[in-house]
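For reference, the structure is listed below as structure tokens.
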Amino acid sequence: MLPSGLQPVFQNRIGWAHDALKRAGLSSAPVRGAWIITDAGRKLLDAYGGKVPEAEVERIGSEARDVSIQSLSGATGTSHSAREAAADGGKAETQSPREQIEDALARIRASVARDLLVQIGRQTPAEFESLVLDVLYALGYGLSREALVRTGRSGDGGIDGIVSLDRLGFQKVYVQAKKWKGQVGAPEIQGFMGALHLQGADKGVLITSGSISGPAREAARQARGSVVLIDGARLAELMIPPVSGKLSPRLTGRDDHALGARAGRTQCRTRMHSSRRW
């Protein structure tokens, strides 16, 4: 068993091995619990007569560790690779235990985010609209889940959901959910702004499973009122809950009880602030 006692070591190692194979394009996971070798994987096996040499296995694992981890902030569009991190002053050999834990968590979150985007890609537009409202409610918008209403349908004018922020529905946020693989451009943002104008609204959020162009973001900044844009990477980040819990004082250098209390207060302030940010 792993030190945590939550999983046998062999299952953990198999899972990470499959993650490396997926990143290399040698296998895929069409559904949970099912792993399928890809055409590239079959070609690799054929090239070595069904037995992949140890050196090739190490190469695949090394490339998986070196894969660029896209920033999930959606704000800077920057990326960071494990190879660059290791080259930065021998970081991999000089990290403290806490830094190693934080790096491992970052890799896990990036892997989960990639899997989430794959699952989102398999949803229907209607399912994606419901997902978007679920995420907004989880972030603290709306007094209840019933206060977030899906309106998306043919001829909906570009409005897929409405979020009521108060009991009487005086304050509302209008939502557009774009289930796209490509990039949302300025014309789509301008169309959404037009739909908001027809509703007499000054608050809107457009969430897409794809990406958002620079001109589109600029168009949103010039909008009257508040128009928030969220791309697929940012959506995946918002769907992953923040890591919470107590860290050992041996790692933090602080009393973990005080640290936990401070984290609790921060989460409360964050939720209260998010419900008023509009």
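Excluded from the calculations below are hydrogen atoms, water molecules and symmetry mates; all remaining heavy atoms, backbone and side chain alike, are included. Since the structure is predicted, the reported quantities are computational estimates derived from the model, not experimental observations.
Side chain to side chain, Glu218 and Gln222 meet the donor-acceptor criterion of an N or O pair below 3.5 Å.
The two residues Ala24 and Ile60 come nearest to each other via the heavy atoms CB-CG2, 4.0 Å. In plain terms, the two heavy atoms of Gly142 and Ala147 that are nearest each other are CA-CB, 4.3 Å. Heavy-atom minimum distance, Ala223 versus Met193: CB-CE, 3.5 Å. Smallest separation of non-hydrogen atoms from Ser209 and Ile120: CB-CG2, 3.8 Å.
Between the side chain of Lys179 and the backbone N or O of Gly121 there is at least one donor-acceptor pair closer than 3.5 Å. Between the side chain of Arg122 and the main chain of Pro30, a donor-acceptor pair closer than 3.5 Å is present. Not a single donor-acceptor pair under 3.5 Å links the side chain of Ser27 to the backbone N or O of Ile36. Using modelled atom types, no side-chain atom of Ser164 and backbone atom of Lys172 make a donor-acceptor pair closer than 3.5 Å. Side chain of Arg217 to backbone of Ala220: no donor-acceptor contact under 3.5 angstrom is found. Between the Asp166 side chain and the Gln171 main chain, a donor and an acceptor come within less than 3.5 Å of each other. In this structure, the side chain of Glu127 engages the main chain of Thr124 through a donor-acceptor pair within 3.5 Å. With hydrogens and angles disregarded, a donor-acceptor distance shorter than 3.5 Å links the side chain of Arg109 to the backbone of Pro241. A donor-acceptor pair is defined here as one N or O able to donate and one able to accept, closer than 3.5 Å; such a pair exists between the side chain of Thr208 and the backbone of Lys178. Of the possible donor and acceptor atoms, one in the side chain of Asp160 sits under 3.5 Å from a partner among the backbone N and O of Ala177.
At a threshold of 4.5 Å between non-hydrogen side-chain atoms, the residues Met239 and Val112 do not count as touching. Annotation: side chain of Ile212 is not in contact with side chain of Ile230 (no heavy-atom distance under 4.5 Å). Contact check for Arg23 versus Ser111: side-chain heavy atoms found under the 4.5 Å cut-off. The side-chain heavy atoms of Leu196 and Asp202, taken from C-beta on, include no pair separated by under 4.5 Å. Between Tyr141 and Val175, every side-chain heavy-atom pair lies at or beyond the 4.5 Å cut-off. Side-chain contact between Leu136 and Ile207 is present, with at least one heavy-atom pair separated by less than 4.5 Å. For the pair Leu44 and Glu56, the minimum side-chain heavy-atom distance is below 4.5 Å.
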**Study point:** side chain to side chain contact (heavy atoms under 4.5 Å, CB included) between Ile37 and Leu26, intermediate numbers included
**Key:** CA-CA 6 Å; Ile37 187 171; Leu26 303 175; 6.0 Å; no
Exercise for review: Kindly determine whether Arg42 and Asp46 satisfy salt bridge (Lys or Arg N to Asp or Glu O under 4.0 Å), including the steps that lead there.
Suggested key: CA-CA 6 Å; Arg42 292 190 182 91; Asp46 292 342; over 6 Å; no
Review point. Stepwise, does the side chain to side chain contact (heavy atoms under 4.5 Å, CB included) test hold for Phe192 with Val227?
Key: CA-CA 9 Å; Phe192 181 47; Val227 176; 4.2 Å; yes
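Atom CG of Leu148 and atom OG of Ser130 lie 11.0 Å apart (nearest 0.5 Å). Here the CG-CG distance, from Asp19 to Asp115, works out to 7.5 Å after rounding to the nearest 0.5 Å. The OG atom of Ser211 lies 10.0 Å from the CH2 atom of Trp180; values are rounded to the nearest 0.5 Å. For the atom pair CG (Leu21) and CD1 (Ile14), the distance works out to 11.5 Å, reported to the nearest 0.5 Å. Note that OH of Tyr137 is 7.5 Å distant from CD of Glu146, once rounded to the nearest 0.5 Å. With rounding to the nearest 0.5 angstrom, the CG atom of Leu117 is 12.5 Å from the NZ atom of Lys181.
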Check residues 182-191 and write down every donor-acceptor pair under 3.5 Å in which the side-chain atom is one partner and the other belongs to a residue at least two apart or another chain.
from: Glu188; atom 1: OE1; to: Gly185; atom 2: N; distance (Å): 2.8

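No continuous path of hydrophobic side-chain contacts links Leu206 to Val149 [ILVMFWY only; heavy atoms under 4.5 Å]. Hydrophobic clustering, with ILVMFWY side chains joined whenever heavy atoms are under 4.5 angstrom apart, groups Ile108 together with Leu116. Both Leu139 and Val228 sit in one connected hydrophobic cluster of ILVMFWY residues. Membership requires side-chain heavy atoms under 4.5 Å apart, directly or through other members.
Around CZ of Arg221, the count of heavy atoms belonging to other residues, nucleotides or ligands within 6.0 Å exceeds 12.
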